[in-house]
Peer 1: 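Following this message is one structure expressed as C-alpha cells.
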Protein chains: 2
Amino acid sequence: MEDVLRNQLEKIVPLTDEEFLFVLTHFTARTFRKHQYVVQAGDPAPNDHFVAKGLLKSFYIDDVGKTHILQFAMEDWWISDPQAYHNRVNAPLNIDCLEDTHVFFISIDNREKLCTDLQKMDYFFMKKTTAGYIALQRRTVSLISQKAEERFNQFVQLYPTLSQRVPKTLIASYLGISRETLSRMYAH
Amino acid sequence: MEDVLRNQLEKIVPLTDEEFLFVLTHFTARTFRKHQYVVQAGDPAPNDHFVAKGLLKSFYIDDVGKTHILQFAMEDWWISDPQAYHNRVNAPLNIDCLEDTHVFFISIDNREKLCTDLQKMDYFFMKKTTAGYIALQRRTVSLISQKAEERFNQFVQLYPTLSQRVPKTLIASYLGISRETLSRMYAH
DNA sequence: AAATAGCTGTGATGTAGGTCACACTAATGG
DNA sequence: CCATTAGTGTGACCTACATCACAGCTATTT
C-alpha cells in the first residue's frame, strides 16, 4: 500500500529509500468503510488525505439542505477541506466514502515539519497545489461558459474512470445540474 | 510604489530592509495603459503580476468568440495565467488592463531562485496560492448551487470596490450570466 | 467639437433546464 | 432472504435565463 504513495511522490520528486521512510513517519494510514465520514462539517479537519484505494467525495450542504459536490477523489488523488486544513478552522465541507477506502493522511503540522526537514517535499506540495488550482480553473471556465450537456461530455472525457464508478446522481450534483436533466442526456 | 509590494509581503512574512531589497531585485516594475494586453493567449506568459495600482482582468475566449472572465485584479492582488506560469506553456488566457496600471512582475525562474535563497518567500507564495484556491472553491460552490441573482449579490458583498469600478457587462461575464439578465436585476 | 466606441436599459420571444410525481430495478444490510 | 435504501428513467409542467433588437447615454479619442 505504501508503494502507491511512494509512486505518487516520485512522479514529482525522486526519493531514496531512507527519505521515503522518513516521509512516511509523517503520515498515518487508515481504513474507512463505505458511507463513513472522513470529515464532518463543523469539526476541525486538519488532515490532507492521499487515497491509496477507494473513492471519496467532498461536498457542501446548502441552506435548503441540497448537497453540492466539490470533488471526487480516487486512487492517487488527494482530498481535504482546504480551508479547514490550511487555515486551521472548522470545516465548511463534508468528506465521505463512496467505497471502502484506504488513505494515508498527513496533518498540517506534520506537513510543515516535513517540509522544513526535507526541502524537496515543499516542491512536491507546491506542484500539487498549483495543479489543483489549474484544474479548478478549468472547471470554472466550464461552469461559466458551457451548457449542461457540454459540461457532462467534458467530464466523461476528462475522467472516464470516475464517470463509470460514480452514480450519475452524484455526477449531476458535481456538474451543477439536476439528476433528471442528466438522465435525459443519453440518446447518444 | 514599492511600499505597496512590501506591505503585501509583510502581511504574511516580516522582512528586514535588506531582505526586501533583495526580494525586489527579483521583480520588474512596469506600467501598462488602459486596454493594453499584459498576456496574450497563445504566447508564453512566464510572469506573475502584483498590482500596485490599476485594474486588470484575465479572460478566456471560447470557440464562438465569447469572452469569459476568470479573474479581476486590482491593487494588492496578483494575476497571471497560472497554467502558462507554472507549467511554462503558452497561455490559454488573455490578461488586459481596465485602467492604467502599474505592476511588479516576477518570472517563474526568478521566483524559484528567490524561494531557494530566501526560505520564507516560499511560505509567502504557498499561503497566497492556497488562499487563491480556497477563493476559487468558494466561487465554484456559488456557480453550482446559486442562481444568477444570488451570485450577483454575493459578488457585490464580497467585492464592493470591484462592483463599483468594473462595468456591469464584465461582472455579468464573470458570473456566467448575460449582461441583459444582470441589468434587469436592479429594482432592489 | 464632432465622432466613435463602450456601457446600460428594456421589450418580445424562445428554450434549456428545473421541479414534481411516479414507477421500476439494483444493491446491500440485518 | 426479505426489507430497505440507493440509483435511474420518463412524462408533464413551469421558470429562470438567453438571445435578438433597438434606443439613449457617457466616456474616449481625434
Peer 1: Find the distance A/Arg179:CZ to C/dC22:P and express it as a whole number of Å.
Peer 2: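 For the pair A/Arg179 CZ and C/dC22 P, the rounded distance is 14 Å.
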Peer 1: Dump the intermediate steps for ring pair (Phe, Tyr, Trp, His ring centres under 6.0 Å) on B/Phe105 and B/Phe27, then the final yes or no.
Peer 2: CA-CA 5 Å; B/Phe105 69 82; B/Phe27 281 84; 8.6 Å; no
Peer 1: A/Lys66 NZ to C/dG17 C1': how many Å, rounded?
Peer 2: 11 Å
Peer 1: Considering heavy-atom distances to DNA chain D, does B/Arg33 or B/Thr181 have its closest nucleotide positioned more toward the 5' end?
Peer 2: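 This one resolves to B/Thr181.
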Peer 1: Can you tell me how far P of C/dG17 sits from CD1 of B/Ile144, to the nearest Å?
Peer 2: 16 Å
Peer 1: Answer yes when A/Arg88 and A/Asp109 have at least one side-chain N-carboxylate O distance shorter than 4.0 Å, and no when they do not.
Peer 2: yes
Peer 1: Using a cut-off of less than 4.0 Å, is there contact between a side-chain N or O of B/Thr169 and OP1 or OP2 of C/dT8?
Peer 2: yes
Peer 1: Rounded to whole Å, please give me the gap between CG in A/Leu55 and P in D/dA6.
Peer 2: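 For the pair A/Leu55 CG and D/dA6 P, the rounded distance is 17 Å.
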Peer 1: Want to settle it: does B/His35 or B/Lys147 sit nearer the 5' end of DNA chain C, counting the closest nucleotide to each?
Peer 2: B/His35
Peer 1: Look at the side chain of B/Arg184 and the base of D/dT19, then say whether one donor and one acceptor between them are separated by less than 3.5 Å.
Peer 2: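 Counting by modelled atom types and ignoring angles, a donor-acceptor contact under 3.5 Å is found here.
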Peer 1: In whole Å, I'd like the distance from the CD atom of A/Glu180 to the P atom of C/dG17.
Peer 2: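 Going from CD in A/Glu180 over to P in C/dG17 covers 14 Å.
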Peer 1: To the closest 0.5 Å, what do you measure between CD (B/Gln8) and CZ (B/Phe50)?
Peer 2: 4.5 Å
Peer 1: Starting at atom NZ of B/Lys34, determine the distance to atom C1' of D/dT28, rounded to an integer number of angstrom.
Peer 2: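 Result: 7 Å.
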Peer 1: Would you kindly give the CG-to-P distance between B/Leu182 and C/dT10, to the nearest whole Å?
Peer 2: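 After rounding, the gap between these two atoms is 13 Å.
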Peer 1: Judged by modelled atom types alone, do B/Asp96 and B/His35 share a side-chain donor-acceptor pair under 3.5 Å?
Peer 2: no
Peer 1: Atom NZ of A/Lys168 to atom P of D/dG7: distance rounded to whole Å?
Peer 2: 11 Å
